[in-house]
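One-based numbering along the sequence shown.
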Amino acid sequence: PIIPVAASAQTLLATMTKSWDHFNAPNFFTRMGLWYGEPFYVPESLTADTVESYRAELNDKLERLTQTADRFYNKS
């Protein structure tokens with residue numbers, strides 16, 4: 001299974017805008033939280049037609065989890 005995980009911090013030191021994921025670097029000694037979702041199972045026998053639907057579903061789960069994490073620190 002894939003375990004979706006998101007993290008958020010109370011204050012940020014920097015956002016890495018040149019990275020593919022725009023990683024946020026938390027400030028030193030700030031409060032942080034880590035959220036995880038339900039395990040996401042992907043069947044071993046995927047066809048080319050179903051890969052995209054599983055990718056989109058996992059992406060949706062990760063985005064919702066990230067929004068939950070950010071709302072905890074009033075970031076969205």
Side-chain angles (χ1 to χ4, degrees):
I2 298 170
I3 308 294
V5 176
S8 189
Q10 195 170 23
T11 58
L12 297 176
L13 180 64
T15 299
M16 310 304 175
T17 56
K18 292 185 179 181
S19 69
W20 65 271
D21 63 351
H22 295 251
F23 177 78
N24 292 316
N27 206 348
F28 299 104
F29 307 109
T30 193
R31 292 182 185 269
M32 292 184 65
L34 186 66
W35 284 258
Y36 60 93
E38 295 292 322
F40 183 74
Y41 292 90
V42 179
E44 289 183 28
S45 57
L46 286 180
T47 64
D49 297 333
T50 57
V51 169
E52 176 57 25
S53 66
Y54 278 93
R55 186 212 57 81
E57 185 178 351
L58 180 58
N59 187 66
D60 289 344
K61 290 178 183 296
L62 286 168
E63 285 183 8
R64 283 195 305 271
L65 198 57
T66 300
Q67 289 171 357
T68 300
D70 286 345
R71 270 195 308 273
F72 185 80
Y73 290 113
N74 298 316
K75 291 185 178 177
S76 47

TODO: Go through the structure and list residues passing side-chain hydrogen bond (donor to acceptor under 3.5 Å, both in side chains) with S53, not counting sequence neighbours.
DONE: none
Task: Pairs flagged by salt bridge (Lys or Arg N to Asp or Glu O under 4.0 Å) wherever residues 51-60 is involved - sequence neighbours left out - done: E52-R55
Task: I2 with L62, same ILVMFWY side-chain cluster at under 4.5 Å - done: yes
Task: Joint cluster assignment, I3 & L34, ILVMFWY side-chain distance < 4.5 Å - done: yes
Task: Closest contact, heavy atoms only, G37 versus L65 - done: N-CD2, 3.7 Å
Task: Partners meeting side-chain hydrogen bond (donor to acceptor under 3.5 Å, both in side chains) with E38 (sequence neighbours left out) - done: none
Open item on the list: Going by the rule side-chain contact (heavy atoms from CB on, under 4.5 Å), which residues pair with T68 if we only count those two or more places apart in sequence or in a different chain?
Closed with: W35, R71
TODO: Answer yes or no: is there a donor N or O on one side and an acceptor on the other, between the side chain of T11 and the main chain of N27, under 3.5 Å?
DONE: no
Task: Reported CG-to-CE distance for the pair N24 and M32, which is rounded to 0.5 angstrom - done: 9.5 Å
In a table with atom names and distances, give each donor-acceptor pair under 3.5 Å that connects a side chain of residues 42-51 to protein atoms at least two apart or in another chain.
{"residue": "T47", "atom": "OG1", "partner": "D49", "partner atom": "N", "Å": "3.4"}
{"residue": "T47", "atom": "OG1", "partner": "T50", "partner atom": "N", "Å": "3.4"}
{"residue": "T47", "atom": "OG1", "partner": "T50", "partner atom": "OG1", "Å": "3.3"}
{"residue": "T50", "atom": "OG1", "partner": "T47", "partner atom": "N", "Å": "3.1"}
{"residue": "T50", "atom": "OG1", "partner": "T47", "partner atom": "O", "Å": "3.1"}

Task: Residue list, salt bridge (charged side-chain N to carboxylate O under 4.0 Å, His left out) with R31, at least two apart or on another chain - done: none
TODO: Give the other cluster members for F28, using side-chain heavy-atom distances under 4.5 Å between Ile, Leu, Val, Met, Phe, Trp and Tyr residues; answer none if it is isolated.
DONE: L13, F29
Open item on the list: Test: ring pair (Phe, Tyr, Trp, His ring centres under 6.0 Å). Region: residues 40-65. Which pairs qualify, not counting sequence neighbours?
Closed with: none
Open item on the list: Tell me every residue that passes side-chain hydrogen bond (donor to acceptor under 3.5 Å, both in side chains) with N59, counting only those two or more places apart in sequence or in another chain.
Closed with: E63
